[in-house]
J.: 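Shown below is the structure under consideration.
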Amino acid sequence: MTQELIGLRNSILEQRYTDALAIVDELEGMSKKAILRQIKSFLKVLLIHLIKNQIEKRLTNYWVASIRNSLIEIQDINLKENKKSYYINEYEWDSWLENEIELAIADASLEVLGGIYNEFQLAEMVNRDEVISIAKKFLELIYVYSVKDLPKAIAELLIQLPGGENWKLGKM
C-alpha cells in the first residue's frame with residue numbers, strides 16, 4: 001500500500017488526476033478486500049463452534065464467548081463508514097456460508113471431541129443445512145440489535161442450542 005500512496009502523491013503533484021483516481025479506486029478495492037477477509041475469518045470461527053455444538057450437543061463458556069465475539073466483530077466490521085449500509089447485506093449471507101462451511105468442518109475436526117474424527121469423517125456427520133440455518137439466525141441479530149443489546153440477544157439464541165439450557169444453568 002505504501003507504493004500506491006507514493007504513486008498517488010506523485011500523480012497529484014504532477015496533475016495526472018486520472019492516474020490519481022485510478023490509484024484511489026485500487027486502494028478502495030484493497031481496503032474492501034481486507035474488510036471482507038476479516039468478516040470471512042470471523043464467520044469461519046462462528047461456524048466452527050456451531051459445528052462443535054451440533055456434534056457434541058453441549059456449549060462451553062469458551063464456545064459461547066467465541067460465538068459472541070465473532071458476531072460482535074462481524075457487526076462492527078460489516079458496517080460501512082457511513083453507518084447506514086453494509087459490506088454484506090442480510091440477504092447475501094447464503095453464498096458466504098456455503099463457501100466457508102467446508103473449511104469450517106475441516107478446522108472443526110481438530111477440536112470436535114478432542115479431534116477423534118478426521119475432516120472426512122466429520123463431514124459425513126455434520127448437517128450443513130442446519131449449521132447454516134443457525135448461523136443465519138445469529139447473523140440476523142447483527143442487523144436488528146445495537147452494539148449494547150447484541151450480547152443479550154445472542155445469549156437468548158444460544159440457550160436454544162443443544163446444551164444451551166445446561167450452559168445457562170452452569171451445568172456444562
J.: Does the side chain of Leu43 come within less than 4.5 Å of Ser70's, by heavy atoms?
T.: no
J.: Could you check whether atom CD of Glu124 has more than 12 heavy atoms from other residues, nucleotides or ligands sitting under 6.0 Å from it?
T.: no
J.: What do the steps show when you test Asn89 against Tyr143 for side chain to side chain donor-acceptor pair (under 3.5 Å), and what is the final call?
T.: CA-CA 9 Å; Asn89 292 305; Tyr143 299 95; over 6 Å; no
J.: Identify, with sequence neighbours excluded, every residue that meets side-chain hydrogen bond (donor to acceptor under 3.5 Å, both in side chains) alongside Glu98.
T.: none
J.: Which residues pass the salt bridge (charged side-chain N to carboxylate O under 4.0 Å, His left out) test with Glu156, sequence neighbours left out?
T.: none
J.: How would you list, by chain and number, every residue that makes a salt bridge (charged side-chain N to carboxylate O under 4.0 Å, His left out) with Glu102, sequence neighbours excluded?
T.: Arg128
J.: Please check if Leu46 and Ile35 belong to a single hydrophobic cluster, counting links between Ile, Leu, Val, Met, Phe, Trp and Tyr side chain heavy atoms closer than 4.5 Å.
T.: yes
J.: Answer whether the closest heavy-atom distance between the side chains of Leu139 and Leu97 falls below 4.5 Å.
T.: yes
J.: Tyr86 ring centre to Lys80 NZ or CZ under 6.0 Å, with the angle to the axis within 45°?
T.: no
J.: For residues 116-123, dump all side-chain donor-acceptor pairs below 3.5 Å to protein atoms at least two apart in sequence or in another chain.
T.:
| unit_1 | atom_1 | unit_2 | atom_2 | d |
| --- | --- | --- | --- | --- |
| Asn118 | OD1 | Phe120 | N | 2.8 |
| Asn118 | OD1 | Gln121 | N | 2.8 |
| Gln121 | OE1 | Asn118 | N | 2.8 |

J.: Sequence neighbours excluded, which residues qualify as salt bridge (charged side-chain N to carboxylate O under 4.0 Å, His left out) partners of Lys136?
T.: Asp94
J.: Considering residues at least two apart in sequence or located in another chain, which fulfil the side-chain hydrogen bond (donor to acceptor under 3.5 Å, both in side chains) criterion with Gln38?
T.: none
J.: Kindly indicate whether the side chain of Leu50, heavy atoms from C-beta on, has any atom under 4.5 Å from the side chain of Leu161.
T.: yes
